[in-house]
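Here the structure is laid out as structure tokens; the discussion comes afterwards.
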Amino acid sequence: MPERSSQQAIIHARLPIVALFLIILAAMLIVHLANFQFFPRSVRQELERIGSSITNTTLRIPAERGMIYDRDGEPLTFNILQYRLGVSPNLVFDAETLMKQLSVILDMDEVELYFKLTSDNVWEFVAGPISAEQGQAVAALGDISLGLEEIPKRFYPQGSLAAHAIGIVLDDGLIGTLGVEGAYNSTLAGRVMDLSVSNVPFSLPEDRPAEQRGQDIVLTLDRDVQFWMEAELEQAVKENGAFRGSIIVMDPRNGEVLALANYPSFDPNRFLEITDPNLLVNPAVQETFEPGSLVQALTAAAALESGAITEQWSYNDIGVIEIGGREFRNRYFRSHGAVDIAGVLSKSLHVGSATMALEMGEEAFYNGLRSFGLGQATGVGLFNEELGELRLRGDTGWSESVFGLNTYGQGMEVTPMQIITAFATIANDGVMRQPHIVRQVIGEDGAIDARLSTVRRVLSTETARFVKDLLVRTVREGAPEAYMPNYTVAGKPGTAQINTAIGFEAGPNSSIVSFIGFLPADEPEVVAMVKLDRPDDFFGFEVAAPVFRRIADRLVILLEIPDDAAQRALHAVEASLRATPAGQE
């Protein structure tokens with residue numbers, strides 16, 4: 001009995017502690033219940049987040065992409081719709097009937113469809129991309145379990161025309177690459193929307209904000225000029241057994257690119273079928289080449305502008321010159337005796353251009369070439385433009401013998417766009433205009449025109465006009481294949497041996513040939529470049545000059561360029577009007 005009373009005493013002593021613990025626990029529960037009752041926002045948000053993750057999906061909806069037009073308003077792109085089809089299996093009422101209907105519309109296996117329609121998933125992908133017609137047929141079924149997701153697709157109505165200049169669009173219409181599509185992707189793409197969309201049923205909003213749409217772009221390209229340049233280029237590549245080729249046409253007065261053609265090209269509507277990735281590179285701006293004797297014109301211009309030589313300059317050509325321990329020789333190892341600047345250019349004399357550069361000095365020579373834009377991006381407005389390479393003293397791989405090579409365009413890398421811009425500068429009396437391929441950007445607030453922009457003055461007017469006269473003589477004496485009887489043409493052929501890691505190639509198909517010309521020479525309205533890689537014949541005057549003549553015959557008609565006689569008559573009328581006193585017209 002005493003033992004029992006002792007246990008009871010212990011229990012009675014501990015009861016207050018247990019009671020206090022229970023009271024504290026109850027108080028904590030009451031506080032949490034009150035918090036849940038009166039401050040439910042965080043809890044509700046968390047529950048909503050969990051529920052939304054189960055029943056909703058976030059979709060990135062691209063805007064309607066802006067259109068691209070040629071300079072005359074001809075559409076070069078369209079936007080068309082394709083769809084992805086999804087299903088919410090838990091909302092399917094009659095799987096067998098729906099299976100048969102979809103099988104006919106989509107031309108899909110019925111068994112595969114049935115498994116998707118009876119899946120345990122909240123949402124199941126069915127097919128895509130499917131055509132707009134198939135999407136309309138699916139929508140006409142009116143089945144609430146089905147959902148169509150728009151997939152914008154870019155369509156190019158002109159096919160392969162100007163493919164490298166226009167570009168392509170990847171990733172369901174979100175990312176432009178190559179050409180203008182890549183360079184102006186953010187302008188064309190508009191504002192992307194991230195939308196939370198219900199999976200039950202899967203659907204998209206029909207109305208989108210107008211400000212989401214991308215802006216339209218008008219190019220400087222002329223569709224007719226582009227078509228004929230591509231046709232002439234294809235013929236030239238095939239006739240001369242060349243590996244590939246490029247033609248660029250530019251207005252030197254304002255820097256507008258009227259045509260940019262490469263062959264071989266591709267159809268941007270079928271770019272996924274391309275097996276050669278090199279086709280998706282724009283050689284006009286994304287690949288470099290050694291321009292060869294084209295650079296002799298720039299060397300002469302820089303030497304004249306620097307004052308190192310005068311218009312009366314001449315030298316005694318003995319056929320060889322040594323620079324940096326290396327001998328440089330003329331074509332066919334010939335010597336030519338007394339030669340002036342015109343003779344250097346018309347005969348493409350390596351010794352002559354090297355002699356001019358030596359008299360100018362290394363620093364002035366490279367400053368002159370850089371002033372012409374060599375080794376620098378032109379900013380023409382095309383995707384991933386290459387810089388080229390013009391090595392200077394102190395750069396890896398430079399030596400005095402490289403300097404010797406550079407004087408006639410070997411041992412350096414330029415893009416076709418860089419070198420035609422340099423010649424356009426000579427044509428425009430020494431003023432370099434900003435080359436550009438976009439003429440207008442059209443948004444909600446109207447059209448914004450590309451402003452005429454001067455990059456810099458490279459040559460004085462006097463120097464530029466003298467070099468133009470030299471290039472007229474070069475055509476007549478050194479490249480008569482480019483001569484036109486009714487127009488005064490200025491130009492320069494270029495020939496460059498293909499340089500490899502083990503030295504210059506020799507033999508057939510071992511050169512890159514080119515010709516750059518402009519007309520009418522006194523007041524040029526157009527400058528054009530022809531470039532052919534690895535033709536059967538070796539020299540630019542043999543291969544590229546005749547092609548230039550053919551495209552020039554086209555250009556004077558397409559661009560309505562008056563011939564020399566018409567130009568003289570027009571100038572006579574203008575002079576007469578200026579001489580007539582006011583009020584006596």
Side-chain angles (χ1 to χ4, degrees), residues 45-65 78-155 168-177 185 189-210 212-214 269-273:
Q45 287 177 341
E46 179 64 16
L47 291 175
E48 288 176 351
R49 187 190 67 78
I50 296 171
S52 177
S53 67
I54 297 173
T55 60
N56 286 33
T57 187
T58 299
L59 292 178
R60 173 151 287 192
I61 309 300
E64 181 184 355
R65 195 170 181 87
F78 283 117
N79 296 315
I80 61 176
L81 278 180
Q82 294 180 326
Y83 295 91
R84 286 194 187 95
L85 175 61
V87 66
S88 297
N90 59 331
L91 294 180
V92 175
F93 176 72
D94 185 348
E96 188 172 347
T97 300
L98 186 58
M99 170 195 71
K100 292 179 179 179
Q101 292 171 328
L102 292 178
S103 176
V104 172
I105 295 171
L106 304 175
D107 191 24
M108 284 183 63
D109 179 70
E110 290 187 353
V111 175
E112 180 184 355
L113 278 170
Y114 187 80
F115 278 121
K116 291 178 181 290
L117 299 177
T118 57
S119 167
D120 293 331
N121 296 326
V122 174
W123 182 83
E124 188 75 36
F125 171 75
V126 176
I130 61 175
S131 68
E133 292 77 10
Q134 289 173 313
Q136 291 169 0
V138 170
L141 297 178
D143 195 306
I144 64 169
S145 68
L146 301 176
L148 291 168
E149 175 193 355
E150 291 181 2
I151 306 175
K153 179 177 174 59
R154 200 67 149 169
F155 177 70
I168 54 179
V169 178
L170 308 174
D171 194 21
D172 296 346
L174 288 173
I175 301 175
T177 188
N185 182 63
R191 183 167 57 85
V192 175
M193 292 195 304
D194 287 331
L195 297 180
S196 180
V197 182
S198 172
N199 287 331
V200 192
F202 188 87
S203 63
L204 287 176
E206 294 183 3
D207 298 325
R208 301 179 186 179
Q212 187 203 4
R213 186 185 184 279
N269 296 308
R270 307 177 64 181
F271 75 90
L272 291 176
E273 301 174 17

* By side-chain hydrogen bond (donor to acceptor under 3.5 Å, both in side chains) - contacts of N121 (at least two apart) ->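 side-chain hydrogen bond (donor to acceptor under 3.5 Å, both in side chains) check on N121 returns S119, E124.
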* Would you indicate whether the side-chain heavy atoms of V92 and T118 approach each other to under 4.5 Å? =>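 Heavy-atom side-chain distance check fails, nothing below 4.5 Å.
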* **Partners passing side-chain contact (heavy atoms from CB on, under 4.5 Å) against V111 (at least two apart in sequence or in another chain)** =>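 With sequence neighbours excluded, V111 shows a side-chain contact (heavy atoms from CB on, under 4.5 Å) to D109, F115, given in chain and number order.
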* To do: Just grab all the side-chain hydrogen bond (donor to acceptor under 3.5 Å, both in side chains) pairs involving residues 96-106, residues at least two apart or on different chains.
  =>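 Of all non-adjacent pairs touching residues 96-106, those that pass side-chain hydrogen bond (donor to acceptor under 3.5 Å, both in side chains) are D94-T97.
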* **Euclidean distance, L98 CG relative to L117 CG, rounded to 0.5 Å** =>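 It is 5.0 Å, given to the nearest 0.5 Å.
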* To do: Quick one: pull up NZ in K116 and CH2 in W123 and give me the separation to the nearest 0.5 Å.
  =>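 The distance works out to 9.0 Å.
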* Least distance between heavy atoms, N185 atom then G176 atom ->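 Smallest heavy-atom distance, with atoms named: OD1-N, 2.7 Å.
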* To do: Provide the closest heavy-atom pair for I144 versus L91 in the form atom of the first, atom of the second, distance.
  =>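 That would be O-CD1, 4.2 Å.
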* Asked: Going through the distances and angles, do N79 and R154 end up as a side chain to side chain contact (heavy atoms under 4.5 Å, CB included)?
  -> CA-CA 5 Å; N79 296 315; R154 200 67 149 169; 2.7 Å; yes
* **Full working for side chain to side chain contact (heavy atoms under 4.5 Å, CB included) between L148 and Q82** => CA-CA 9 Å; L148 291 168; Q82 294 180 326; over 6 Å; no
* May I have the step-by-step check of side chain to side chain contact (heavy atoms under 4.5 Å, CB included) for E150 and Y83, ending in yes or no? => CA-CA 5 Å; E150 291 181 2; Y83 295 91; 3.9 Å; yes
List the atom pairs, donor and acceptor, that lie under 3.5 Å between side-chain atoms in residues 126-142 and the rest of the protein, sequence neighbours left out.
from : atom 1 : to   : atom 2 : distance (Å)
S131 : OG     : E133 : OE1    : 3.4
S131 : OG     : Q134 : N      : 3.1
S131 : OG     : Q134 : OE1    : 3.4
Q134 : OE1    : S131 : N      : 3.0
Q134 : NE2    : I105 : O      : 3.2

* Asked: Do other residues, nucleotides or ligands put more than 12 heavy atoms under 6.0 Å from F271 CZ?
  ->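 Correct, the count exceeds 12.
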